[in-house]
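All figures in this text were calculated on a predicted structure; none of them were measured in a lab.
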Amino acid sequence: MGHETARKTRYLFGIRWLFPHRMILLVLLCLLVFSLVTKLDWYWIAEYKSAILSAVWKTILLLVSTFIVGFILAVPIGLVQVTGPRPLAMVAHSFCSIIRGTPLLLQIWIFYYGFGSVFPEIEGIRESFIWPFLTSAWPYAFFALTLSVMAYEGEVLRGALSGVPKGELEAAKAMGMKPFKILTRIWLPRAIQRTLPIIGGEVIIQLKATPLVATITIIDTYAIFSNIRLETYIVYEPLLLMTLIYLILAGAVTLIFTFLERQYKNR
Amino acid sequence: MDRNKPLKTKYILEVSDLKKTFNDIDVLKGINFTAQKGDVIALIGGSGSGKSTTLRCINMLETPTAGEIAIFGQHIDLIPDHANGLKVKSKEQLRSIRQRIGMVFQGFHLWSHLTIEQNIIEVPTQVLKIPRDLAIEEAHELLKRVNLFDKRHQYPSCLSGGQQQRAAIARALAINPDLMLFDEPTSALDPELVSEVLAVMKDLASEGRSMIIVTHEMKFAAEVANKVLFLNQGVVEEAGTPNDIFYAPRSEKLKQFIRSIK
Amino acid sequence: MDRNKPLKTKYILEVSDLKKTFNDIDVLKGINFTAQKGDVIALIGGSGSGKSTTLRCINMLETPTAGEIAIFGQHIDLIPDHANGLKVKSKEQLRSIRQRIGMVFQGFHLWSHLTIEQNIIEVPTQVLKIPRDLAIEEAHELLKRVNLFDKRHQYPSCLSGGQQQRAAIARALAINPDLMLFDEPTSALDPELVSEVLAVMKDLASEGRSMIIVTHEMKFAAEVANKVLFLNQGVVEEAGTPNDIFYAPRSEKLKQFIRSIK
Amino acid sequence: MLIDYQSMSLWELLAFNSPGWGGALLSGLALSLQIAVLGYFFGLIIGLFGAIGKLSQNLLLTDLLYCYTTAVRAIPELVLILLIYFALPNVINDVLYSFGFDGVEINGFFAGVLVIAFVQGAYATEVIRASIAAIPKGQIEAAHAFAIPKYKILYRIMIPSMIPHALPGLSNLWLIATKDTALLAVVGLTELTLAAKQAAGASKQQLTFLLAAGALYLLVSLLSEVLFKYLIKRTEKGQTHGS
Amino acid sequence: ETLRIGIATEPYPPFSVPDASGQYTGWEIDITKAICAEAKLDCEIVATAWDGIIPALLSRKIDVAAASLSITEERKRVIDFSDKYYQTGAAVIGPKNKPFGSTPSELDDKIIGVQGASIHAKFVKKHYKNATIKEYQTQDEANQDLYSGRIDATQADALTLESFLASADGMKCCELKGMAINDEALLGAGIGFGLRKGNIELKEKLNDAIQAIRDNGQYDTISKSYFSFNIYGE
Ligand SMILES: Nc1ncnc2c1ncn2[C@@H]1O[C@H](COP(=O)(O)OP(=O)(O)OP(=O)(O)O)[C@@H](O)[C@H]1O
Ligand SMILES: Nc1ncnc2c1ncn2[C@@H]1O[C@H](COP(=O)(O)OP(=O)(O)OP(=O)(O)O)[C@@H](O)[C@H]1O
Ligand SMILES: [Mg+2]
Ligand SMILES: [Mg+2]
């Protein structure tokens with residue numbers, strides 16, 4: 001009997017979105033959105049629409065490219081800290097400490113204004129083909145943000161790699177797998193599976209680090225809304241729209257990682 | 001697979017004066033024994049006597065503190081290592097040897113991010129470069145042999161203890177090994193399965209594969225092994241045929257051990 | 001401890017029509033049995049037949065999908081839960097029942113951040129509020145009984161399989177339980193130790209404690225149990241005294257199982 | 001009249017007494033640390049309960065926590081602080097005024113701690129949840145089987161065996177907390193970053209003061225790293241195999 | 001009843017500059033104090049980061065914003081302004097080795113840096129249609145890039161640029177290319193105090209006081225110690 005009821009309940013509430021409390025939350029959300037839309041002042045959107053879109057695109061581009069490249073480069077950094085050799089582990093470790101220990105803003109400035117102001121002094125560089133590259137801000141932003149991902153994710157991966165049960169690695173070793181194979185087939189997948197939720201969080205942290213590039217003339221999502229606020233002196237409406245955009249981006253990240261977590265749920 | 005290449009020596013495994021110390025505790029105090037092709041050796045002994053450690057030293061999962069090991073006629077050279085005492089000289093050689101050794105761990109150690117089938121085909125496809133289709137076909141054969149075919153798409157965490165153990169055995173068999181190291185392969189199995197596994201092992205023995213088996217099942221040891229080693233406090237206290245060991249024990253320790261079993 | 005409080009029923013454990021489904025696979029299909037005070041019941045059966053699951057359902061580590069369980073005369077009420085089918089109604093009651101049940105897991109599950117001694121005194125000091133000194137004293141008794149006294153300050157990861165299993169047994173005994181649930185308590189033990197553990201269990205039985213033991217050791221079952229249940233594919237295929245089960249099996253399945261053991 | 005910084009040497013610029021900026025930087029650092037420590041501490045508490053809530057079976061709770069962690073982590077901190085410090089009291093005060101009461105003020109320091117704790121709590125929830133999920137399930141089951149009460153399972157079994165997994169993530173969070181204090185400039189608190197900005201702007205010695213502030217941050221994080229290392233060492237016993 | 005005057009914590013020399021002890025000095029501070037005295041107001045200076053000034057004004061944490069706010073039509077939708085109390089023109093500077101002037105046609109193919117969200121940003125976008133525009137968060141950063149050669153010119157407040165040209169870097173690299181054409185709609189009607197809407201009485205008081213110190217010479221006395229020219233503009 002109980003069995004039957006269980007089945008039935010599961011059937012009834014099969015569509016998870018229809019749980020009562022979720023309906024209430026949704027209704028509340030709709031009311032909130034409605035009142036915000038009608039009560040506040042949104043005239044400026046029309047004027048800035050295209051600027052906002054391109055800024056959002058820049059944010060996404062920066063986030064995705066730096067995180068992917070940085071994460072791939074973080075693997076060796078996490079790995080040498082677990083396996084050695086000693087000197088390399090120390091180098092990797094100091095790298096992580098320095099990058100994690102200083103504000104990203106400072107790093108961006110040092111690369112852009114510090115190193116950037118050294119390049120023009122080099123004889124003949126202004127005529128060379130890399131000059132347009134050096135004068136734009138993107139390479140510096142990309143470089144600084146990638147370094148930061150490398151350092152933070154290197155640290156996360158170090159913890160994750162050392163947490164994989166030793167027995168499973170021994171099993172691989174005992175069958176003559178090469179170290180690289182063990183890494184790519186057993187060690188890394190196992191480590192990443194365990195830390196997916198943490199990595200998801202790190203992507204969101206990185207999302208929120210991207211606005212710093214505004215200080216080197218890249219107008220990203222955050223910067224465009226700052227500009228709007230300064231030009232119009234409207235305080236909350238641009239902030240709300242910006243929040244909505246960041247929420248959507250973070251929501252997308254969370255969804256992707258929830259999906260990945262589900263895929264790897266077994267343990 | 002060069003199983004049929006003539007060996008330089010008649011021994012498939014030679015262990016001499018093997019010692020292992022963990023944090024100043026001497027766990028192995030000088031183990032000596034040899035195995036010829038087709039030998040099935042049972043390692044018996046009390047809990048903590050060093051059986052698992054011996055097995056793990058054979059394929060260098062633990063680096064010995066001292067001693068010599070030769071497998072398939074190849075001597076595994078150990079060189080001093082400033083941190084841990086000794087280390088393996090040629091990793092390449094060790095790896096090629098390990099590819100011919102199948103090991104079943106006391107704790108199973110299935111890869112928990114892979115399904116049972118994936119666990120089994122992992123080494124054949126990735127290390128031995130067997131085509132995937134073929135590997136899966138063989139995996140299915142093995143899975144049927146250990147009666148796990150219908151669980152092949154499950155992850156290890158959803159399996160019962162005995163099911164995990166059988167999966168681990170199948171994984172070891174999948175690399176078609178010349179030497180097999182079993183650490184209590186039947187501990188989580190019920191008697192019905194024990195005899196099935198026993199049958200599998202007899203098969204393997206008749207194919208000319210050598211085996212070292214750590215086991216608590218005396219009946220099992222008596223039936224499958226042609227040589228029994230009794231370990232006690234890190235040394236081989238007595239060695240001989242199952243008959244000798246079980247029915248004509250000489251040392252006091254072994255007599256006591258045998259008595260406690262019966 | 002209200003071990004000597006008269007029970008409302010003569011049964012210390014009543015399991016009726018216990019069912020459990022994992023992801024639409026019916027693992028238990030209606031288990032029925034009872035245990036009286038002092039009963040030692042052996043659960044035998046093939047791998048994957050549901051022995052561990054039955055044991056885990058008894059103290060609600062798995063919530064049954066359907067069925068009734070009463071322990072120490074107290075019926076454990078289950079109420080519908082919109083997510084998982086059923087859930088325990090009174091957690092308080094469940095906890096007070098669990099305090100009187102000692103469990104030894106198939107995978108031991110010692111707490112890895114505590115030493116062996118700490119593992120053993122954890123529940124006595126934290127749950128049963130026994131003074132620390134007293135608990136340590138008792139722990140030392142138990143550790144000597146299972147021959148682990150000199151390993152008491154080690155962490156579980158440094159112990160051999162058999163040592164971990166004995167530690168797990170000691171941990172279960174430390175709460176001085178009325179009902180003990182053993183999931184293959186001897187799987188990682190050598191025969192010498194098996195007989196020691198057997199002796200411990202007989203002691204416990206003579207003290208009037210009841211036990212449910214999942215085991216593969218038929219000899220063990222025959223010697224210690226007064227009742228044997230043969231599980232097959234999620235149902236109790238046959239139940240009876242060890243003599244009945246081992247020497248006069250009726251069902252075809254059991255006959256086959258017995259045959260395979262001998 | 002304005003101070004002439006151009007003629008001052010590096011040591012005069014960094015001197016502790018005005019017109020040197022050293023003292024201002026240090027008191028900025030002290031303020032940053034105070035807020036970071038408090039925010040981090042409360043954040044950890046929120047995170048612990050958040051993680052437990054998220055792992056519970058209660059659907060309403062898990063849904064609400066899901067919204068909390070996603071939203072708070074996604075919303076830029078500046079927005080949060082503007083809302084808590086400016087908009088929230090505004091709304092409250094409008095209500096109070098309409099009933100004839102006096103308005104309330106939210107103290108800048110308090111708002112800062114609140115925002116940092118709120119944000120850290122969301123991150124910590126995720127870190128701790130992942131770490132709890134990494135504890136072998138059997139060990140928690142064993143605790144249940146022995147009738148250890150839930151709160152004791154939490155602080156005797158789960159927290160100790162989770163901490164080694166969580167510490168790397170939590171140390172990242174601490175570093176973030178120290179740097180997030182930079183936001184408090186908005187509510188008029190002169191923390192380290194603002195002090196450095198002011199010094200740089202007033203003296204036009206950008207690089208000097210940025211590097212000085214950077215060095216202070218680095219010092220803090222190196223010290224915290226030593227601390228976290230020590231903690232990791234202490235808590236890792238028994239988690240790894242023997243040698 | 002004290003009047004809370006909000007100023008920005010970020011230094012903006014020579015108008016408002018903090019020192020290490022947290023005191024603010026500068027022309028704007030002096031003028032504000034003079035106006036308070038003239039209007040017999042009891043003023044208290046409250047420093048807030050730029051991001052917080054308008055929210056603080058709207059949420060009654062301050063009553064007047066004295067942070068060099070340019071008066072524009074768009075901003076008047078949100079806050080009120082007093083009459084202007086100073087106004088400076090916009091200038092264009094560029095490297096010494098590149099000869100060009102400040103007319104739109106001459107700047108057409110150049111890379112021009114401006115401070116983002118400033119009136120100059122709007123101006124540049126409107127008048128130098130074919131130029132490449134780079135926006136910076138602060139004018140200092142634009143100056144820095146002009147020095148590094150990343151941009152060809154920058155347009156900003158004449159005053160700000162003048163002090164850059166007077167600095168070591170500025171003298172080395174750059175020169176004044178000319179003043180920007182006057183566009184009242186964009187470049188605004190000068191700098192005024194920001195006030196909450198509807199605060200007519202206070203606005204009147206401030207306007208009267210500004211007029212008064214201009215008339216009685218206080219304005220000029222203060223300005224003389226900071227500037228060599230007429231900061232009030234036309
Ligand atoms: N990593 C380690 N660190 C410290 N001591 C260890 C370690 N591994 C094993 N030992 C110790 O070495 C001894 C032998 O262990 P081993 O695992 O070889 O025993 P075993 O014969 O396999 O016993 P069992 O039958 O119980 O599995 C034990 O006393 C154990 O405590
Ligand atoms: N968490 C789970 N998810 C899915 N299936 C499970 C889970 N736990 C157990 N099962 C399945 O339930 C069946 C019974 O498992 P159980 O562990 O009770 O077997 P058992 O009788 O104890 O076997 P063994 O003697 O091998 O330990 C098995 O087929 C197993 O695959
Ligand atoms: Mg062992
Ligand atoms: Mg089982």
Open item on the list: I'd like to know which of B:Lys91, B:Arg56, B:Met60 tops the heavy-atom pair count under 4.5 Å against chain A.
Closed with: B:Arg56
TODO: Please name all residues satisfying side chain to side chain contact (heavy atoms under 4.5 Å, CB included) with A:Ala55, sequence neighbours left out, ordered by chain then number.
DONE: A:Ile224
Open item on the list: If we check side-chain contact (heavy atoms from CB on, under 4.5 Å) with A:Thr146, which of these qualifies: A:Ile68, A:Ile72, A:Thr66?
Closed with: A:Thr66
Open item on the list: Tell me which of these, B:Gln154, B:Gln126, B:Glu122, has more heavy-atom pairs under 4.5 Å with chain A than the rest.
Closed with: B:Gln126
Open item on the list: If we define contacts as heavy-atom pairs under 4.5 Å, which of A:Arg185, A:Lys181, A:Lys173 has the most with chain B?
Closed with: A:Arg185
TODO: Could you pull out all residues at least two apart from B:Ser90 that satisfy side chain to side chain contact (heavy atoms under 4.5 Å, CB included)?
DONE: B:Glu92, B:Gln93
TODO: Against chain A, label B:Leu110 side chain, backbone, both or neither, depending on which of its atoms sit under 4.5 Å from a heavy atom there.
DONE: backbone
- [ ] Could you tell me whether B:Lys151 sits above the aromatic face of B:Phe149, with NZ or CZ closer than 6.0 angstrom to the six-membered ring centre and within 45 degrees of the axis?
- [x] no
